[in-house]
Amino acid sequence: MAEARWYVVHTYSGYEKKVKGSIDKAIENRHLENEILEVAVPMQTEVVVKDGKTKTVEKKKFPGYVFVNMVMNDDTWYVVRNTRGVTGFVGPGSKPVPLTPEEERSHLGIKSENFVVDFGEGDEVEVIGGAWKDTVGIIRQMNQAKQVATINVNFFGRETPVEISFSDIKKMN
């Protein structure tokens, strides 16, 4: 299987989040989770002072563009290219050009390093970061490509599956 790379998709202005949602839905419907790994609309935080009041707002880092981490093949190209609101891939003619590793790091802040983990399916882990911090759960599934683990946590008295980044998990002793 080919390696996933980051590609840039041009969209109608203001449609970035709609395009992201549509591609995410197509991934789920067509079972392309292992071919289209991530869809991102890079955001940046800005501090705005208006009428003497300071407010923090999230703004799109690249208006009119959506970034897709995918294995390029006919199926994935077709799904992304024919998503409503997409005008095309960035690249000469109809040939998409992937971002270089340097562009990924410098412009997007996208981390390409892989975590070497000391836990696996069935292990009890503690979440050490993010919204589920200090939660303990059992790993049910691991996705090395996305660098995430699905763990079952107790939420309102029910076992609930939650996807957590490897960097936010620590194995219980």
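Note that the coordinates shown come from a computational prediction; the quantities given were computed from them, not determined experimentally.
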### Task
Quick one: list whatever passes side chain to side chain contact (heavy atoms under 4.5 Å, CB included) with Val97, sequence neighbours left out.
Pro92
### Query
Taking C-beta and beyond as the side chain, do Asn82 and Val86 meet within less than 4.5 Å on heavy atoms?
no
### Task
Supply the atom-to-atom distance Met70 CE to Ile23 CD1, rounded to the nearest 0.5 angstrom.
8.5 Å
### Message
Using the side chain to side chain contact (heavy atoms under 4.5 Å, CB included) criterion, which residues pair with Pro98? Sequence neighbours excluded.
### Response
Arg5, Tyr7
### Task
Not counting sequence neighbours, which residues clear side chain to side chain contact (heavy atoms under 4.5 Å, CB included) with Thr100? List them please.
Glu102, Glu103
### Task
Please name all residues satisfying side-chain hydrogen bond (donor to acceptor under 3.5 Å, both in side chains) with Thr45, sequence neighbours left out, ordered by chain then number.
Glu58
### Task
Each residue besides Leu37 in its hydrophobic cluster should be listed here, by chain and number; the cluster joins Ile, Leu, Val, Met, Phe, Trp and Tyr at side-chain heavy-atom distances under 4.5 Å.
none
### Query
Under the salt bridge (charged side-chain N to carboxylate O under 4.0 Å, His left out) rule, what pairs show up with a residue in residues 7-21, not counting sequence neighbours?
Glu16-Lys60, Lys20-Asp24
### Query
Are side-chain heavy atoms of Thr160 and Asn152 found at a separation under 4.5 Å?
no
### Note, Ile169 side chain near Phe119 side chain (heavy atom, < 4.5 Å)
yes
### Query
Do Val39 and Val66 come close enough that some side-chain heavy atom pair is under 4.5 Å?
yes
### Message
Going by salt bridge (Lys or Arg N to Asp or Glu O under 4.0 Å), name the residues that satisfy it together with Lys59, two or more places apart in sequence or in a different chain.
### Response
Glu46
### Query
From Thr83 OG1 over to Tyr15 OH, what is the distance, rounded to the nearest 0.5 angstrom?
14.0 Å
### Query
CG of Asn143 to CZ of Phe166: how many Å apart, nearest 0.5 Å?
7.0 Å
### Query
Would you find a donor on one side and an acceptor on the other, under 3.5 Å apart, between the side chain of Arg81 and the backbone of Thr87?
yes
### Message
Do Val19 and Tyr78 land in one hydrophobic cluster if side-chain heavy atoms of ILVMFWY residues count as linked below 4.5 Å?
### Response
yes
### Message
For Asp123, give me all partners under salt bridge (Lys or Arg N to Asp or Glu O under 4.0 Å), at least two apart in sequence or on another chain.
### Response
Lys171
N/O donor to acceptor pairs below 3.5 angstrom from side-chain atoms of residues 134-141, sequence neighbours left out:
residue: Thr135; atom: OG1; partner: Trp132; partner atom: O; Å: 2.6

### Query
Which residues satisfy the side chain to side chain contact (heavy atoms under 4.5 Å, CB included) test with Lys170, sequence neighbours excluded?
Glu126, Ile128
### Query
Under 4.5 Å between any side-chain heavy atoms of Val68 and Glu38, yes or no?
no
### Query
Under the side chain to side chain contact (heavy atoms under 4.5 Å, CB included) criterion, do Val9 and Phe67 qualify, and how do the steps go?
CA-CA 6 Å; Val9 178; Phe67 297 83; over 6 Å; no
### Task
Any ring-ring contact (aromatic ring centres under 6.0 Å, His included) involving residues 29-60? Give me the pairs, sequence neighbours left out, ordered by first then second residue.
none
### Task
Could you grab the distance from atom CE of Met72 to atom CD1 of Ile36, nearest 0.5 Å is fine?
9.0 Å
### Message
Listing request: all side-chain hydrogen bond (donor to acceptor under 3.5 Å, both in side chains) pairs with a residue in residues 68-77, at least two apart in sequence or in separate chains.
### Response
Glu35-Asn73, Asn73-Thr76
### Query
Taking atom CD of Glu159 and atom CD1 of Ile151, what is their separation to the nearest 0.5 Å?
10.0 Å
### Message
Measuring only between side-chain heavy atoms, which start at C-beta, is Val8 closer than 4.5 Å to Phe89?
### Response
no
